[in-house]
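Below: the structure, in structure tokens.
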Amino acid sequence: MKELDKKYDPSLMEDRIYEKWMKMGYFHADEKSLKKAFSISMPPPNVTGQLHMGHALDNTLQDTLCRYKRMKGYEVLWQPGTDHAAIATEVKVINKLKSEGKDKNELGREGFLKEAWAWKEEYESRIINQMHKLGVSADWDRLRFTMDEGCSAAVEKVFIDLYNKGLIYKGNRIINWCPVCKTSISDAEVEHEDQASFFWHIKYPVAGEEGRALEVATTRPETMFGDTAVAVNPEDDRYKDLIGKTVILPLLNKEIPIVGDEHADMEFGTGCVKITPAHDPNDFEVGKRHGLEEICILHDDATIDLPGTKYDGLDRYECRKLVVKDLEEGGYLVKTVPHTHSVDTHDRCHTTVEPMIKPQWFVKMDVHAEHCRHALASGELKFVPENYSKTYMNWVDNIKDWCISRQLWWGHRIPAWYCDSCGKVHVGHAAPESCECGCTSFTQDPDTLDTWFSSALWPFSTLGWPEETETLKKFYPNDVLVTGYDIIFFWVIRMVFSGYEQTGKSPFDTVLIHGLVRDALGRKMSKSLGNGIDPLAVIEQYGADALRAALLTGNAPGNDMRFTDDKVINARNFANKIWNATRFIMMNVESAGEDVRKLFSSGYGKVPEEIRLEKEDRWILCLLNDLVDNVTRNMDTFELGVALDNVMSFLWNELCDWYIEMIKARLKSDDRDTKAAALWTLNTVLVNGLKLLHPFMPFITEEIYVNLTDEESIMISSYPEYTESWNFRDDAAQVEGLKEAVRAIRSIRSEKNVPPSKKVSVYVVSTDEKVRNSFEAASAVFASLTQASEVLVQQDKTGIDPNAVNVVTSNAAIYIPLSELVDMGEELARLKKEEKRLEGELARSRGMLSNEKFISKAPAAKIEEEKAKLATYEEMMRKVREQISALS
RNA sequence: GGGUUCGUAGCUCAGCUGGGAUGAGCGUUCGCUUGACGUGCGAGAGGUCGUGGGUUCGAGCCCCGCCGGACCCACCA
């Protein structure tokens with residue numbers, strides 16, 4: 001046994017401990033192990049950023065589960081890795097190049113990718129170091145990256161496979177285009193932002209009908225150059241005679257047809273809709289139904305593409321101003337109405353996206369959606385908390401084909417090759433020898449795949465798939481996936497259908513959902529608000545253990561949480577408490593000598609023959625045993641916050657506040673047996689308490705454990721198992737009675753302002769011999785906990801000052817002769833108050849028991865419980881009334 | 001428009017399959033140099049569980065309505 005520093009200072013130990021764990025290889029998972037497997041794939045953080053509170057929470061949850069399972073005897077694989085984060089990284093690298101005066105296009109594809117890889121190396125190692133600080137026990141030997149060789153091979157195989165099955169197709173479709181990033185983005189990457197703007201009402205004159213015009217309203221007047229029709233509802237009496245005729249498109253003086261289409265809502269606006277198939281998803285559909293021309297009027301950077309006009313080359317918003325001005329001058333503008341509407345923006349750069357028609361690659365979703373439904377219906381996939389399966393199904397039921405091509409360089413290049421002469425597409429690992437047309441020259445598709453295409457394969461691509469590796473066999477499917485609810489659509493759904501499609505299985509059994517970490521005011525942490533809290537700063541100040549505990553306490557699965565300093569400070573104070581309790585124990589063990597200490601190695605659930613336990617020893621062992629049961633149950637149902645609360649309150653409130661105080665006298669005594677039993681119990685309870693705490697607070701528990709036990713590490717120690725042999729119910733109940741009495745006396749002393757220095761006699765009266773015996777046995781403890789000069793246990797009130805203060809507990813009556821301090825009127829009032837409280841309890845209890853329906857319908861155990869309570873309260877009432885009549 | 005979720009102590013939140021709100025932390029009041037710890041110890045005050053119904057022997061928990069907040073999706077020509 002070594003000594004602990006006088007002061008608890010996490011910064012002095014955490015790095016050292018982590019290095020030791022790494023060196024010992026405790027995080028490594030052995031695919032050849034015969035132990036039962038437990039596996040989690042870490043949601044790969046982007047190589048763009050740094051650890052934020054969301055990561056800290058996500059990884060703390062995973063780490064806690066993994067450490068628990070390891071101690072429980074599982075072979076645990078926590079598979080770590082990072083994500084290439086296509087757009088995010090590409091944008092950051094471009095910006096970095098810009099700041100160095102370089103340009104993406106000048107560098108060329110190869111040169112740019114070199115820069116991007118260098119970026120990746122730097123940021124990957126940075127974020128991994130940050131996870132080390134948090135205590136993440138992932139198997140770093142198996143670190144993967146979404147664009148490494150194996151993952152890339154998996155991506156290519158899946159693409160080719162889906163293409164061959166007809167589940168991937170290429171088509172000209174309307175997609176979301178980001179004019180700044182110059183790439184298509186999926187629906188999921190689009191955010192909606194409310195913006196104040198206008199509704200411009202414009203007249204389109206009907207051709208050949210002098211004086212008649214259709215009035216349309218638009219928020220994007222510049223798109224009128226792409227109009228190829230005006231739609232009215234076919235049921236609309238106002239306009240249905242015009243269907244089939246044409247209107248003159250102002251400014252361009254072009255005739256376009258009037259079509260009848262359901263899309264036009266008679267109730268909304270004027271009931272007439274301009275149709276711009278190339279720049280609006282709804283209009284695109286209308287265009288398809290009516291065979292309308294699709295005229296693209298925008299360049300990729302959102303400047304106007306209208307050669308031969310004065311509008312050509314203008315920025316979209318410049319053009320808008322000019323169009324409005326020209327319409328007004330031409331007498332076409334009817335009115336301008338202020339209007340707030342939601343604008344689609346790119347979630348990465350917040351640029352307003354433009355719907356554009358582009359040739360893109362899509363994944364068909366119908367078959368895949370079926371996989372997702374099956375996963376839940378079959379029970380092969382479960383959500384914790386369960387209600388998130390509704391969110392999941394809501395997504396599944398509304399899913400649309402997934403646009404997977406991106407006009408980026410940083411990513412997995414699409415394995416499609418176009419014949420240079422006939423243009424035919426060939427999908428495969430490499431270009432074919434020759435095309436059917438005889439041509440032997442091909443060009444690869446320049447596009448890359450959506451980041452989530454590779455993330456979707458993460459649970460198996462990281463384990464060696466498509467090879468049937470030992471690792472894959474041992475650890476796939478994963479047991480748990482831990483992630484936030486905001487990512488169910490992006491990631492969870494795509495992993496699920498990919499898992500079924502490629503491996504025939506759900507990629508994981510349980511999805512543990514957590515919420516967002518918000519700031520103290522409940523706001524989302526964001527760069528723009530500048531309200532983010534840096535986990536590393538918190539670790540530096542309070543330690544990783546405190547941060548982890550703060551993230552887990554008082555938080556139920558799936559719920560958002562507020563992060564406040566209070567929580568971290570409380571967690572740090574707890575750590576300090578445990579630290580000092582350990583120092584106290586060590587100090588006493590040291591002085592007790594080697595012959596006591598050698599008894600300490602016994603396993604859980606056994607008491608060495610030489611040890612003679614006393615009541616309070618059995619009480620705390622019984623509580624510990626219940627704790628093991630509770631914590632295990634809560635860990636297994638993913639109630640980590642509850643489990644941690646249980647451990648903390650046991651160690652702090654029961655072990656430190658009660659047990660240690662109870663045995664202080666025994667530790668000072670010369671009786672070798674009683675001292676040995678107390679020390680043995682202390683050590684046993686602390687060591688096992690630390691084990692229960694370790695998954696949550698790994699560093700301090702390791703430091704204490706190795707110093708206390710001289711063993712190698714708590715990480716590889718075995719988890720306590722609940723045992724019947726430590727169910728000392730009877731002793732536990734007696735000590736609880738004792739505690740109740742102590743609290744009652746302290747309460748009286750405090751109420752009467754009796755200073756601790758004043759020692760008074762305490763009489764305990766009970767007619768129950770067993771109760772008397774237990775108080776008798778504990779009289780020394782009892783006296784020290786209540787600052788009593790003596791404790792007299794007796795069966796009646798003989799010799800007690802009739803004016804003594806009296807409190808009634810559930811198994812005894814306590815008398816404290818304090819007559820000189822007591823105002824009899826006050827005392828009577830206090831007793832009356834107690835009488836009233838008991839009356840309430842009795843009424844409740846009797847009411848229940850006299851209710852015939854309760855007696856006939858409630859479970860028998862519940863009835864018995866209530867009867868016992870009633871008996872206790874009746875007895876208490878009897879004593880209180882006796883005292884009242886004695887005083888009156 | 002579709003869906004989800006919340007409303008419990010001054011604040012932030014727990015409350016397990018319905019069985020006494022002896023719930024936690026912080027804050028607050030009073031007291032304590034108790035030799036492990038003031039990052040501590042002891043004792044208090046503080047709640048008609050948003051609201052109105054219903055089901056039940058019994059509702060913070062289940063069902064319906066309402067009020068008030070949050071979020072997601074779709075739409076907004």
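First the proteins, then the strands, lettered A, B, ... as listed; each starts at 1.
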Between A:Glu866 and A:Lys869, does at least one N-O distance fall below 4.0 Å, as a salt bridge requires?
yes
Run the salt-bridge test on A:Glu215 and A:Lys274 with the 4.0 Å N-O cut-off and return the result as yes or no.
no
[X] side-chain proximity, nearest of [options]:
X        : options                : value
A:Ala581 : B:rA36, B:rA77, B:rA14 : B:rA36
A:Asn394 : B:rG2, B:rG35, B:rA77  : B:rG2
A:Ala264 : B:rG40, B:rA77, B:rA14 : B:rA77
A:Ala556 : B:rU5, B:rG15, B:rC26  : B:rG15
A:His192 : B:rA74, B:rC41, B:rA77 : B:rA74
A:Lys668 : B:rG35, B:rA77, B:rC26 : B:rG35
A:Arg746 : B:rG42, B:rA77, B:rU4  : B:rG42

Euclidean distance for C1', B:rG46 against B:rC62 (whole angstrom)
30 Å
When only distance counts, do a donor and an acceptor, one from the side chain of A:Arg562 and one from the base of B:rU12, lie under 3.5 Å apart?
no
Under 3.5 Å, is there any donor-acceptor pair linking the side chain of A:Lys390 to the base of B:rU5?
no
In this structure, how many angstroms lie between the P atom of B:rG44 and the CZ atom of A:Arg749, rounded?
14 Å
Would you kindly give the CZ-to-C1' distance between A:Arg518 and B:rC71, to the nearest whole Å?
8 Å
Counting only side-chain N and O atoms of [X], is one of them less than 4.0 Å from OP1 or OP2 of [N]?
X        : N      : answer
A:Ser747 : B:rG44 : yes
A:Trp395 : B:rG2  : no
A:His339 : B:rA77 : yes
A:Lys752 : B:rA43 : no
A:Asn573 : B:rG40 : yes
A:Asn387 : B:rU4  : no

If we ignore hydrogens and angles and just use 3.5 Å, is the side chain of A:Gln195 paired with the main-chain N or O of A:His341 as donor and acceptor?
no
Under a 3.5 Å distance rule, please check whether A:Tyr873 uses its side chain to pair with a backbone N or O of A:Ala843 as donor and acceptor.
no
Determine the contact category for [X]: base if any of its heavy atoms lies under 4.0 Å from a base atom, sugar-phosphate if only primed atoms, P, OP1 or OP2 are that close, otherwise nothing.
X        : value
A:Lys274 : sugar-phosphate
A:Glu661 : base
A:Trp658 : nothing
A:Asn570 : sugar-phosphate
A:Ile569 : nothing
A:Phe199 : sugar-phosphate

Ranking A:Pro755 and A:Val343 by the position along RNA chain B of their nearest nucleotide, the one closer to 5' is A:Pro755
RNA chain B: 5'-proximal contact among A:Ile275 and A:Glu866 (nearest heavy atom):
A:Glu866
CD1-CD distance between A:Ile297 and A:Glu222, expressed to the nearest 0.5 angstrom:
6.5 Å
Nearest 0.5 Å please: distance from the NZ atom of A:Lys577 over to the CG atom of A:Asn570.
12.0 Å
Heavy atoms, side chains only, cut-off 4.5 Å: are A:His290 and A:Asp261 in contact?
yes
Paired with B:rA24: which nucleotide, if any, by Watson-Crick or G-U wobble criteria at under 3.5 Å for both distances?
B:rU12
Pairing partner (Watson-Crick or G-U wobble, both distances under 3.5 angstrom) of B:rU56
none
